[in-house]
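Heavy atoms only: backbone and side chains are in, while hydrogens, waters and symmetry mates are out. Per chain, numbering begins at 1; letters A, B, ... match sequence-line order. As the structure is a computational prediction, the values presented were derived from the model and not from experiment.
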Amino acid sequence: MKTRDLVHVALFAAILAVLGVMPPIALPFIPVPISVQTLGVMLAGSSLGARKAGLSMLLFHVLVAAGLPLLAGGRGGLAVYAGPTGGFFVGFLPGAFLVGWLTERAWTRLSVPLAFAINLLGGAFVLYALGIPWLAVAAKLPLAKAALGSLAFLPGDCVKAAIAASTAVTLKRAWPLIQAPRPAAPTSPPPSSTRAASPGPASPRQ
Amino acid sequence: MSLGLYLHRDSPVHAVPAAAKMLGLLLMGTGLLLFPSLPVVSVALGATLGLYALARLRPREVAPVLRLSAFVLVPLFLVHGLLSGWVPALEVVLRLAVLLLLATLVSLSTRASDMLEALERALRPLARFGVRPARLGLLLSLTLRFIPLLATWLHEIQEAQRVRGLEREPLAVLVPLLVKTLRTADTLAEAIDARCFDSEEPS
């Protein structure tokens, strides 16, 4: 991994922490707050790609587990994992990874609706898939009740996915980091791959 | 900007190594998940409060940290009590309370740096898969250094967009923040490379 990639991983973990500074919105009927932080999960995935986004989330987990209050509302420490919301937090990692993986696959034809679907799938549904059963076990709620309660997040997550999607498409034009998974495509940072077999429509940095 | 929940005391709880405390927490969590009966949970609660006393943490200092947990536990108790009776509700809520109290105790009595060191040691076997401890250290310190800086940038960008009447436009705030971050990342990576950090392997 190049130093530049390491720095990206570190800086996106920091972005995630900064998004946690914005106050979470508490809901009366389910013990999981809405936060802007999942937007950071989507942004990391769609800006960095699968591998770096996953590492970035792992790094964030290490910092939170070490007791730094970086989660929305100043939560942190191992208590986060013991609590009912732990599953949603654990879902950050596979969520960001999936967003990154799908974004890489769709890179050349990335549009706002496509990015929206990717971000909703990875940044919201993967989190639900881990968070709802975790909530049901930790709080001994019936699974259906936990799932029904989590529906409250769906509108917010749609808004976040829409924001992340337009950001991702804008960023693709302004500062692209992901290359289409095509081995022969000329990559922008190191122009070393001189194999120019097929001059694919790769997007060089503007 | 001070990060972390650590409160310094001269106590036996503070003296226990970070790794041991985290392992104990893990065992306790598993134990409570396997035997969640009311007597077991009550004894665990008593023991946990005893540990707080042993750590010489006063309730007044601990209360603000735990207030966030109360927002979770109180509605949960009510929902549970109405759905499935008050005894199971008490069981569930007490079990969660013990776990949250214990985990908070670990965070309060252990320096974040000690905890990071313990985690770094725990992750050391990953070296076999190409994870280098020095790079992990760089990642952790970079992130911590950049959180306050990024918060400042976010604030600056919001101010600038307010002048244009765009502060409620998430794109107008997020895109500049990301581009600024990524541009800094490039400069920073060049600076780190120029100083030959951990450069046994050129790429």
Looking at every heavy atom in both [X] and [Y], which two are closest together, and how far apart are they?
X        : Y        : result
A/Ala10  : B/Leu142 : CB-CB, 3.7 Å
B/Val179 : A/Ala174 : CG2-CB, 4.2 Å
A/Val18  : B/Ile147 : CG2-O, 3.4 Å
A/Leu11  : B/Ala185 : CD1-CB, 3.8 Å

Roughly how far apart are [X] [atom1] and [Y] [atom2], rounded to 0.5 Å?
X        : Y        : atom1 : atom2 : value
A/Arg4   : B/Thr187 : CZ    : OG1   : 10.5 Å
A/Leu177 : B/Asp186 : CG    : CG    : 8.0 Å
A/Leu19  : B/Leu150 : CG    : CG    : 9.5 Å

Let me know if [X] has heavy atoms under 4.5 Å from chain A in its side chain, its backbone, both or neither.
X        : value
B/Ser107 : side chain
B/Arg95  : side chain
B/Glu91  : side chain

Problem set entry | chain B contact via A/Ser166 - which portion, at a heavy-atom distance below 4.5 Å |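 Its backbone and side chain both get close to chain B.
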Exercise. With a 4.5 angstrom heavy-atom cut-off, which part of A/Leu171 approaches chain B: side chain, backbone, both or neither?
Worked result: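 The side chain, not the backbone.
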For residues 128-141 of chain A, dump all side-chain donor-acceptor pairs below 3.5 Å to protein atoms at least two apart in sequence or in another chain.
from: A/Tyr128; atom 1: OH; to: A/Asp157; atom 2: OD2; distance (Å): 2.5
from: A/Trp134; atom 1: NE1; to: A/Gly83; atom 2: O; distance (Å): 3.4

Problem set entry | A/Trp175 and B/Thr181, any side-chain heavy atoms less than 4.5 Å apart |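 A side-chain contact is absent here, since even the closest heavy-atom pair is not under 4.5 Å.
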Exercise. For B/Leu25 and A/Tyr81, what are the C-alpha separation, side-chain angles and deciding distance, and is it a side chain to side chain contact (heavy atoms under 4.5 Å, CB included)?
Worked result: CA-CA 11 Å; B/Leu25 184 63; A/Tyr81 296 93; over 6 Å; no
For this session: Heavy-atom pairs under 4.5 Å with chain B are the metric here; pick the option from A/Leu39, A/Ile15, A/Val80 that has the most.
Result: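 With the most close heavy-atom pairs to chain B, the winner is A/Ile15.
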Problem set entry | chain B-proximal positions within residues 41-61 of chain A [heavy-atom distance under 4.5 Å] |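 At a heavy-atom separation under 4.5 Å, chain B is reached by A/Leu43, A/Ser47, A/Leu59.
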Seminar exercise, completed: Residue from B/Ile192, B/Leu108, B/Leu178 scoring the most non-hydrogen pairs under 4.5 Å with chain A is B/Leu178
